[in-house]
Amino acid sequence: MEKMIATGDVELSVRSGFNGALIMFIVSLAIIGLGIYMTVKGVLKPRIRRLPGVDALDECIGRAAELGRPVHYTVGLGGIYNEQVIAGLSIARYVARRCAELGVRFLFTFSAPTVQPVAVDLIKEAYLEAGKPEEFRPEDIMWLSDRQFAFATGVMGLVLREKAAANLLLGYFAAESLIFAEAGYRAGAMQIAGTTNSYQIPFFVTTCDYTLISEELITAGAYISKEPRQVGSILGQDYIRLIGLILMGVGAVLYALGWKTLTDWLGL
Amino acid sequence: MSVVLRRHIPIIILASLAFFMVGDTLLLDPTYNAYAASARSVVSIIGSFAVMLSVTLLSRIHIRRIQRRRNVIESSVLLICMWTTIAWGLYRFAFFGEKPSVEYITQSIFRGIVSPGDATIYSILAFFIASAAYRAFRARSLEATVLLAAGIIVMLGNAPVGEAIWGGFKPMTTWIMDVANKAGARVIIMSAIIATIALYIRIILGYERSWMGRGE
């Protein structure tokens, strides 16, 4: 017996007696937990490969300090429940702190109102950490519009008007991605972008200096912090990827041979 | 504020709700799913309060701009006037039951300003794509050359003139899009999904707190 339930765009196949998605979730939890445990205990010492886009953040901020121009940062269209926005906010905290330390004006824009309370708190805290709470300007954290192209126009105008030295586009983006990147290009800004949306990545790759592709954006927070527990979770993530690759290879061969039990078990 | 209040309690609430919502996705139980649907509506309510916060912040910024007469203030004045109109309309409706009689103005603003504005900005993309493509499609390295070749083939495969030049462009385009492109896109999507699971686990366990502001 099979029932189909719709959760957003994804349809999960839930079978009575065997729930492949639930088992995969539990296995993922266990593997990531194991990765964290082994890293924290020092059994394994994983090293995250270099992410040039994240390493270039300091270069961006330094350039802005030299030029005396602001840094613009946007998390795009997503709300606070979007994983790309959460990842973008993690990086925003670091960028805001570095901007505060170097006396660079930090302009932050977002589209979804749910981002605002978190963003204000986070950036304020970053200025406190840098020891410059008096330089925090709430008016530089801007909700421009929740309409896609009105927001795009607002960002484009801001970047060109303020002549941003760095344009950081890290979050959830849709059709307006190229508008942001072209505005940054025209303002002469150094640009770093990152998204998991495969349709927008080509636009960023062609227009920005550095692009964080897909998981690089989401793991950037852990990369910056270098905290063993966070690095350990990335180790677990790599194990899951390895298992996924093996399952895909084995599944493809078995499926080609006519044995479909594995794909049925996984609910595919 | 103590560490328990500002860090531990939010993480406990977050972890409990996260596991509850994960259960909703993975389990089929009408009662459970109904409770989860109620929890989702709470998210919408909280989101509405966030809108009010954002509107307040934006108003404060624009009022301050008008007070200081910084830059161009026309847009600030217009924005405050429009919000005052909305607030006045809501007040009249809430306390005197008067329905808005200027609905056509709102409709006109949308039809006459907002929709054409959206269409204009969207159409700008065509020029931006041309400009970005010009910069990208230069054979400066092996990768850029492959990109250039693939781009030309796909372009000719989709344009009627390509069909007229050589009939092989269409099947080559189909292969590039359905095999090479799809394989690459799936790698990106799958790696993002796995990384997202790891991110959520870090958040649920309280290891990733950089997005929490004062929770750190």
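Order of the sequence lines sets the chain letters (A, B, ...), proteins ahead of strands, with each chain counted from 1.
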Can you tell me if [X] has over 12 outside heavy atoms packed within less than 6.0 Å of its [atom1]?
X: B:Met82; atom1: CE; result: no
X: A:Tyr81; atom1: OH; result: no
X: A:Phe151; atom1: CZ; result: yes
X: B:Phe20; atom1: CZ; result: yes

Which bit of [X] is near chain A, if near means a heavy-atom gap under 4.5 Å: side chain, backbone, both or neither?
X: B:Tyr200; result: side chain
X: B:Val187; result: neither
X: B:Leu53; result: both
X: B:Ile204; result: neither
X: B:Ile201; result: side chain

If you take all heavy atoms of [X] and [Y], which pair is closest and at what distance?
X: A:Ser214; Y: B:Ile188; answer: OG-O, 2.7 Å
X: A:Thr114; Y: B:Ala50; answer: CA-CB, 3.6 Å
X: A:Ile218; Y: B:Ala195; answer: CG2-O, 3.6 Å
X: B:Ile121; Y: A:Met156; answer: CD1-CE, 4.5 Å

Just how far is it from atom [atom1] of [X] to atom [atom2] of [Y], taken to the nearest 0.5 Å?
X: A:Leu217; Y: B:Leu199; atom1: CG; atom2: CG; answer: 9.5 Å
X: B:Arg202; Y: A:Thr219; atom1: CZ; atom2: OG1; answer: 7.5 Å
X: B:Ser54; Y: A:Ile141; atom1: OG; atom2: CD1; answer: 11.0 Å
X: A:Ile179; Y: B:Leu125; atom1: CD1; atom2: CG; answer: 4.5 Å
X: A:Asp238; Y: B:Ser191; atom1: CG; atom2: OG; answer: 10.5 Å
X: B:Met190; Y: A:Ile240; atom1: CE; atom2: CD1; answer: 11.5 Å

Residue part contacting chain B, namely of [X], when any heavy atom lies under 4.5 Å:
X: A:Leu178; result: both
X: A:Arg97; result: neither
X: A:Tyr185; result: side chain
X: A:Glu182; result: side chain
X: A:Gln237; result: both
X: A:Phe203; result: side chain
X: A:Ile36; result: side chain
X: A:Ile123; result: neither
X: A:Ile213; result: side chain

Which residue out of [options] racks up the most heavy-atom pairs below 4.5 Å with chain B?
options: A:Ser233, A:Pro202, A:Ala181; result: A:Ser233
options: A:Glu215, A:Glu176, A:Glu227, A:Arg241; result: A:Glu215
options: A:Arg186, A:Gln148, A:Glu216; result: A:Arg186
options: A:Ala152, A:Ala112, A:Ser198; result: A:Ser198

Legend entry - Residue pair B:Val55 / A:Trp143, side-chain heavy-atom distance below 4.5 Å: yes

Legend entry - Leading residue by heavy atom contact count with chain A [cutoff under 4.5 Å; candidates B:Leu57, B:Ile197, B:Ile124]: B:Leu57

Inset, instruction - Quick one: which of B:Ile189, B:Thr196, B:Val51, B:Ile193 has the most heavy-atom pairs under 4.5 Å with chain A, could you say? - result: B:Thr196

